[in-house]
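Heads up: the structure comes next, in structure tokens.
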Amino acid sequence: MKNKYSIFSLIKNAFSYHENWQRAWRDPEPKKEYDAVIIGGGGHGLATAYYLAKKHSMKNIAVLEKGWIGGGNTGRNTTIIRSNYLWDASAGLYDHALKIWEGLSQELNYNVMFSQRGVMNLAHNLQDVRDLKRRTHANRLNGIDAVWLNTNEVKKFCPIINTSPNIRYPVLGGTLQRRAGTARHDAVAWGYARGADSMGVDIIQNCEVKGIKRNGDSVEGIETTKGFIKTKKIGVVAAGHSSVIAKMVDLKLPLESKPLQALVSEPVKPIIDTVVMSNAVHAYVSQSDKGELVIGAGTDAYVSYTQRGSHDVVEGTLKAILELYPIFSRMKMLRQWGGIVDICPDASPIISKTHIKGLYFNCGWGTGGFKATPGSGDLFAHTIANNEPHKLNADFNINRFVSGDLVDEHGAAAVAH
Amino acid sequence: MSKNLRITNDKFIDQTSRISFKFDGKTLYGFKGDTLASALLANNIHLVGRSFKYHRPRGIMTCGSEEPNAIVQVGNDASMTEPNTRATEIELYEGLVASSQNCWPSVNFDVGAVNNFFSPLIPAAFYYKTFMWPASFWEKYEYFIRKSAGLGRSPTEPDKDFYDHRYLHCDVLVIGGGISGIIAAKTAAQNNLNTLLIDDKNKLGGTTLFQQNECFKINNTYSSEWLKKEIESLNLLQNLTIKTRTTLAAYHSYNYLLARENLTDHLSLSEKQNKIRQRLWKIRAKKVIISTGAMERPLIFNNNDRPGIILSSSIKKYIDYFGVKCGQKISLFTNNDSAYETAISLNKSGVTVNSVIDIRDKTDSLIVKQAEKLGIKIYWKHTVVNTSGYKRINSIDIMKLSDDGNEVVGKKFSEDCDCLGISGGWTPRVHLFTQSGGKLKFNDKDNVFLPDKSELEQISIGSCNGDFELDSIIKNSVESINEFLNINNNDYKNLEIVCSKELDKKNIWLLPSDKPLGKTKPFLDFQNDSTATDVKLALREGFKSIEHVKRYTTTGMGTDQGKLSNMHALGIIAETAGVKMGELGTTTFRPPYTPLTFGTIVGRNVGEFFDIIRKTPIHDWHVENKAEFENVGQWKRAWYYPKKNESMYEAVQRESKAARDSAGMLDASTLGKIDIQGSDASEFLNRVYTNAWSKLEIGKCRYGLMLNEDGMVYDDGVTTRLGENHYIMTTTTGGAANVLSKLEDYLQTEWPELDVYLTSVTDQYATVSICGPNSKKILSKVIPDLDLSDKEFPHMSFKNASIDNVKCRVMRISFTGEHSYEINIQSSFGKSVWEKCFEAGKEFNITPYGTETMHLLRAEKGFIITGQDTDGTMTPVDLQMDWIISKKKYDFIGKRSLYRSDTIRDDRKQLVGLITDDPKEVLEEGAQIVSETNKQPVEMLGHVTSSYFSPNLNKSIALAVVKNGKKLKGHKMFVPMKNKTINVTITDTVFLDKENKRLNA
Amino acid sequence: MFLINCPYCGERDQSEFSAGGEAHIIRPKQPTELSDDQWAEFLFMRKNIKGVQLERWNHAHGCRKWFNMVRDTSNDKIHAVYKMGEKPPIK
Amino acid sequence: MLNYNSPINDQKEYSEIRITEVEPIIKLNLRGKKRDFMTKIGKELSIIPPSDPNSSSGNEKFNILWLSPDEWMLYSNDKSDLNNTNLLEEKLFNEVSKSKIGSITNVSDHWTMLNIKGKNTFDLLSTGCPFNFNDFKNTKGAVAQTLVNHIDVIIHNKDLNNLNLFVRRSFANHLWSWLNDSSRFF
């Protein structure tokens, strides 16, 4: 077992100039064979491995990562966590995740800095109001904390918002989920990696998947840049690259991979103490513990794997930010970047087995995957271990695109999460 | 300002015009042309800020955009203050007010400095390892973490400044006006290429501009003299545009670049008034020449962060350009030749140079000999192992280096100094090149990353391309420019160039100390307080990749984006991990190159220009008549017309009643209108609507429902057959644009064989809708010669007519269930016709009504509003509109999807009516519907989509979608609210006039 | 921002165009004959290629014509554009 | 009599910029693929619709702007009264639409025409328009469909630093105030 992290371990190590800290995780060469292999070392993949080992006592597991763990969308998103979704299926899925978030730092003995500073969604037109109220009522009946705020209450909760009735799209109210908030994205990947590793999971970085070997309608193993790995169960959690992996087994998915951009300002002293999202005017913002304003932009309309997007998207987002927060006009953009998000037609994820035996996919999270990380990992682990979905992810199967039984969250996803 | 720190130097700053400014409340003086940094140094102020984590005293370290320490808050006006501004980039102006950041109560006495004492307890990423107990306490810990983090203060009032954008298309863009950039720009422009040269400084010339050293001469004059003549010659070139104070912020693919031009930041407060502060240039260049130069590296050794420790080349600029001495007794510490240039400049200006500490073995390049000639003491193969002085360096400890350079040997000795110049060699500015997607290669000889492959039309020249010697800079630049622009320019062929050449290089990423590493503080990222020790800790803990180390230690994450720290971080990682630099790769430099003001990115599109406002031709009348407006897409639509102190509810009740009792009028001009012509027009409509069109008679109107290919309702509206091959289609206000492009898409890609032309005429016509029992009487007054008999002009038909000789189309269609007409007339007469109808209607109390009343009236009749009663998951069957799906038609958009296993289920959510037990109780739109009250969680069967109090039925009515609703008519249901539960009954969707008698009333 | 060569109007800024997704997904002539699976294939399933992809674009703010594009989604390089109904140029 | 209201009905002067709304102007949208269409239009107006992209043709009375391979816009040089519009529309409609060789649509009020004049004309546009005017500005008769501050426009280069800009009526007001706001900084 790893040495426990605490203020005391810090003091102890201070005396040895921190020379004696253990590795957070090993750096093993792949074995010949595993009981299950997870493709993709992001938050979702590492969490999947962690729960396979923890809850389903599968210890002989590997996580294959093309680059470095947490280097994809896990390390590129704006870290918003909430569960105030419209449909029962989504609410169930995301609130399952939120409940795990609430105890995650202790569970992993790694501070993921989950801070429940609340997430507020603003309404700017009458249909917004209808949709958000519909969501608020649904959430309440689903046992999810969500309250409707009128314009004054919005102003009270976040005073720097421009709630003047004279702006182009005045704030007509909003819905607030207090349990929601943000977390430290890197820590989530590193915490799960450390936890999984300590249970024997092999985390293999700089190992790219080149092909998937099949025997008839079931999988046999994986061709990688570090050689062939035998396994009967493969869980694909490759986000933007899901279609690339699917192609290896001639599988087509209902996905499009698009650039999603985000940016941060220079750090300043605390100025906004919650997360505010606005679909109608395409703006959402929070402030990191370091003091940077964290701002999410939208996706581009075209497929791209470049991790770059067009400048217009960034300009449009900041335009909206200044409409709602004119005080930020002299703030400066420090850094902008892009991620590749895989988007489903109904803006809901896929956590499902496939017609190929032993091949499972966890994808289609679009712009909202980070918040689901623990729940997604837990449910995907369950699906892989039992070859059956958990009731919470039953509705998120691939077959829904054939039957037409979609979980349409466009309302909730109009901009991004 | 303390006299003895200024030497007379009128070349670049005007020492006759004194400028007063305030720093940390103290009034100080500088000269026109100073930066805040040079002025502070002239006032002998080095301590200007505190570091991010340990709150260590920090001073000015550079003279440019890579400055990590000297970042200040400018201004104290709540709306105009600006955080995190580099003192090295602020041009001094009369009335400038600046203050230190991240310190309390003051930069001299900062309580936060206790962190430095606790620093052994808080190594890199300590926060991941603690603050976990008790669980509920994180937010409390976090509160204090957040307070101590952050640097400057955000403004708290809206910005008063203006910002602007310009698009610019040029043949050649040259980035950087140093010696190679100037050669490039001149060459390009001389060859009739329209050329743009930008430089972030206020003067062209780069560092050569103030190079007055015997060792660097061109044609027997100082290189600076030669360059000045070149710069003067630029003014004669027609197609060359020069922009100074302009920083290239982002280099995107397709040679699309963003540059920020600073227009007023250097002006006095009064001069700034009503001018554009910054302009963002959106540049599209056929070819790009990057000549951004190189920046000097620091050296990494114990306590290398004290105020007074400055990059050697910056000390040179401060003395040679600004005429400012950074100290009286200056020591220099270097691993290369350039520190000797500084030594010579200082010596010339009468500053004592204690010594040059050089980690190399003795070398005798021209410049070194020159220094020796001046009697400057040099310690070969020595290193600085420590520095002293809390708020300003006062002495350094020096030791000899072992042969392998891994440790120090011999006896430690000290040297007093008030300033230490450090030089760790040079890093080419390849940031823009990598931003553009270019790949780098590592050069072991100089330990630098250099531009390698690029997809774009671009080259890098000069020291940003790895040329560091004056002669090779000129020679190679000219060659690459000629090849790149494919021209033959010989102007620079026969220059006579004298320059000192560096004969020997030695690079040690982390210099050894006599103390164990763990006990030392060799800073890498000065702003974020991450040290070489932190990087090694990260590696020990298994963080291999540079990105991991960067994120774990926050190295390179400061406002300088690691311009100074990245190379050493990479070096130390490579050394420790035992891999070659090249293989390790570099971190990606992301835009912007230097932080870019939000306002600049947004430009003038703020306030009233945040988004487009669309107005109908009748808009002014609505304004004159005190209408409240609703935003519908980008349109402003009249929402309701309150009288005196009427509430919205009262106004809507009045309007709704009037419309049914006598007459009402609505501005329907915003509805999308598409003119459809062509011999296949009818067939086209058959394919895009769910119902059949071929049999529609000329002169008749028909309601149509449009689906998405997935079978869900997409848009609806009335389409009228104007002639054999001529229709006019109306769409929803919000859907107009999308419907047209969707239809064009099908025409162009799926059905090119169809002879059909679509033309938007939304803005061509104003639409005045008159409804109510008296609408016929009113219209007959407006158009006397039109036969309005039901026989001649029945419901769902249209007539061509004219009003005062202006042609118009009159449709008899109804969205309210009342007898009603729509007059479509060319927009320019819309307002006039509206007024005419209003006049004619006065005797019938005709009442203008807005969108809210329209919604209420149609709800009484159970007519849907797409987007409100549908949400992209409703099929026509779900809406109980089976009647509109043609059974005969072979195909139409979305038909196949209606027969999927889920869409044929008969217990889907379906549109129904709701009546509350208490007729006064109006349901909330969006409220959920359940069948039992005593379960939690309870299955939600559906929700309320539209809800109003109907003045005409004198009771509350609502539309809703309910699971299996069709079959549940008459059933009791519940609407659970926060504090009560409302009892409702499911009904038919039509509440009023089921027999449609009123249509012909 | 791409610089897109509209087959009708010439080189224009990306902001004048709108993207239409994967190209050459022909709408079935007889949808009713298809199984739910085949219909879903047409409706939702996409190649989502990393590499050279054929896709549809519309010069929405210019001539309003739809056309096809050969673009490498791994580096956003546009190799060619061609009109609706034309065969993709050989790469 | 009904009175005629154009959306702006104003003229503004700035340094080297003059912006004027010019109305009423006949504007017809012409569509057709077949050759007979071209000849028919040519016969009726004695102007052949240009087949070169981004170009125009015209005579002292009318201009025909290329909008796409099968779409053109005709507009009159002088302010014109209503009846002319109706007559012309009817005539062409009968010749073209009725005889199934294309379509004719009256868009006189769909588009609002602004005339922009002066040395700073193109600098003004460049504050919100991504189009490359380098060649355009020297090509008399050139036509561009593009965006100005995110609003669709058709621009017709009449003469040196003198152009007609067409914007959809409902956007005209917004674009007008945006152009004026931008001009005050010249």
Side-chain angles (χ1 to χ4, degrees), chain A residues 66 208-209 238-248 250-259 261 299-316 338 340-348 350 354-355 361 363-364 397-406 408, chain C residues 1-6 11-26 28 31-32 34-62 66-81:
Chain A
K66 181 174 63 175
E208 187 174 358
V209 172
H241 283 73
S242 302
S243 300
V244 178
I245 303 288
K247 195 159 175 280
M248 298 173 179
D250 311 313
L251 191 70
K252 260 207 224 165
L253 297 169
L255 294 177
E256 284 194 308
S257 296
K258 297 175 173 178
Q261 297 179 83
T299 52
D300 276 293
Y302 53 86
V303 170
S304 179
Y305 288 82
T306 57
Q307 294 189 332
R308 290 203 222 119
S310 39
H311 171 72
D312 280 11
V313 175
V314 169
E315 183 178 321
I340 310 161
V341 295
D342 46 325
I343 304 172
C344 275
D346 60 354
S348 287
I350 296 169
T354 65
H355 69 273
F361 269 89
C363 58
N397 56 42
I398 292 183
N399 193 51
R400 73 180 189 265
F401 296 97
V402 175
S403 69
D405 187 11
L406 305 182
D408 196 311
Chain C
M1 304 299 292
F2 304 166
L3 192 60
I4 298 174
N5 187 7
C6 167
E11 280 192 339
R12 299 295 187 90
D13 186 87
Q14 181 186 334
S15 52
E16 289 184 12
F17 299 82
S18 60
E22 191 179 327
H24 303 293
I25 302 175
I26 296 128
T32 41
L34 302 183
S35 70
D36 282 5
D37 288 277
Q38 292 167 312
W39 183 245
E41 175 83 10
F42 159 74
L43 215 48
F44 296 125
M45 301 306 163
R46 297 293 176 260
K47 292 203 194 104
N48 195 27
I49 293 169
K50 181 180 188 179
V52 174
Q53 152 162 305
L54 306 178
E55 56 190 20
R56 294 149 30 80
W57 285 75
N58 179 227
H59 193 185
H61 304 287
W66 283 88
F67 60 93
N68 293 323
M69 181 187 287
V70 185
R71 187 174 58 94
D72 188 332
T73 61
S74 66
N75 60 14
D76 284 343
K77 192 166 184 193
I78 299 172
H79 292 293
V81 294

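Within every chain, numbering begins at 1; the chains are lettered A, B, ... in the order of the sequence lines, protein sequences first and strands thereafter. The basis for the numbers below is simple: all heavy atoms, side chains too, and nothing from hydrogens, waters or symmetry mates.
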*Using non-hydrogen atoms and a 4.5 Å limit, figure out which bit of A:Leu255 sits close to chain C: side chain, backbone, both or neither.*
both
*chain C contact via A:Val303 - side chain, backbone, both or neither, heavy atoms under 4.5 Å*: both
*Applying the side chain to side chain contact (heavy atoms under 4.5 Å, CB included) test to C:Phe44, which of A:Ile398, A:Leu406, A:Val402 qualifies?*
A:Leu406
_Shortest non-hydrogen separation from A:Ala301 to C:Ala19 and the atoms involved_ = O-CB, 3.9 Å
Report every donor-acceptor pair between chain C and chain A with a separation under 3.5 Å, backbone and side chains included.
{"residue": "C:Glu41", "atom": "OE2", "partner": "A:Lys252", "partner atom": "NZ", "Å": "3.1"}
{"residue": "C:Arg46", "atom": "N", "partner": "A:Leu253", "partner atom": "O", "Å": "3.1"}
{"residue": "C:Asn48", "atom": "O", "partner": "A:Tyr305", "partner atom": "OH", "Å": "2.7"}
{"residue": "C:Asn48", "atom": "OD1", "partner": "A:Ser257", "partner atom": "N", "Å": "2.9"}
{"residue": "C:Asn48", "atom": "ND2", "partner": "A:Ser243", "partner atom": "OG", "Å": "2.7"}
{"residue": "C:Asn48", "atom": "ND2", "partner": "A:Ser257", "partner atom": "OG", "Å": "2.9"}
{"residue": "C:Asn48", "atom": "ND2", "partner": "A:Tyr305", "partner atom": "OH", "Å": "3.3"}
{"residue": "C:Lys50", "atom": "NZ", "partner": "A:His241", "partner atom": "NE2", "Å": "2.8"}
{"residue": "C:Arg71", "atom": "NH1", "partner": "A:Val303", "partner atom": "O", "Å": "3.1"}
{"residue": "C:Arg71", "atom": "NH2", "partner": "A:Val303", "partner atom": "O", "Å": "2.4"}
{"residue": "C:Thr73", "atom": "O", "partner": "A:Tyr305", "partner atom": "N", "Å": "2.7"}
{"residue": "C:Asp76", "atom": "OD1", "partner": "A:Ser304", "partner atom": "OG", "Å": "2.9"}
{"residue": "C:Asp76", "atom": "OD2", "partner": "A:Ser304", "partner atom": "OG", "Å": "3.3"}
{"residue": "C:Asp76", "atom": "OD2", "partner": "A:Thr306", "partner atom": "OG1", "Å": "3.2"}

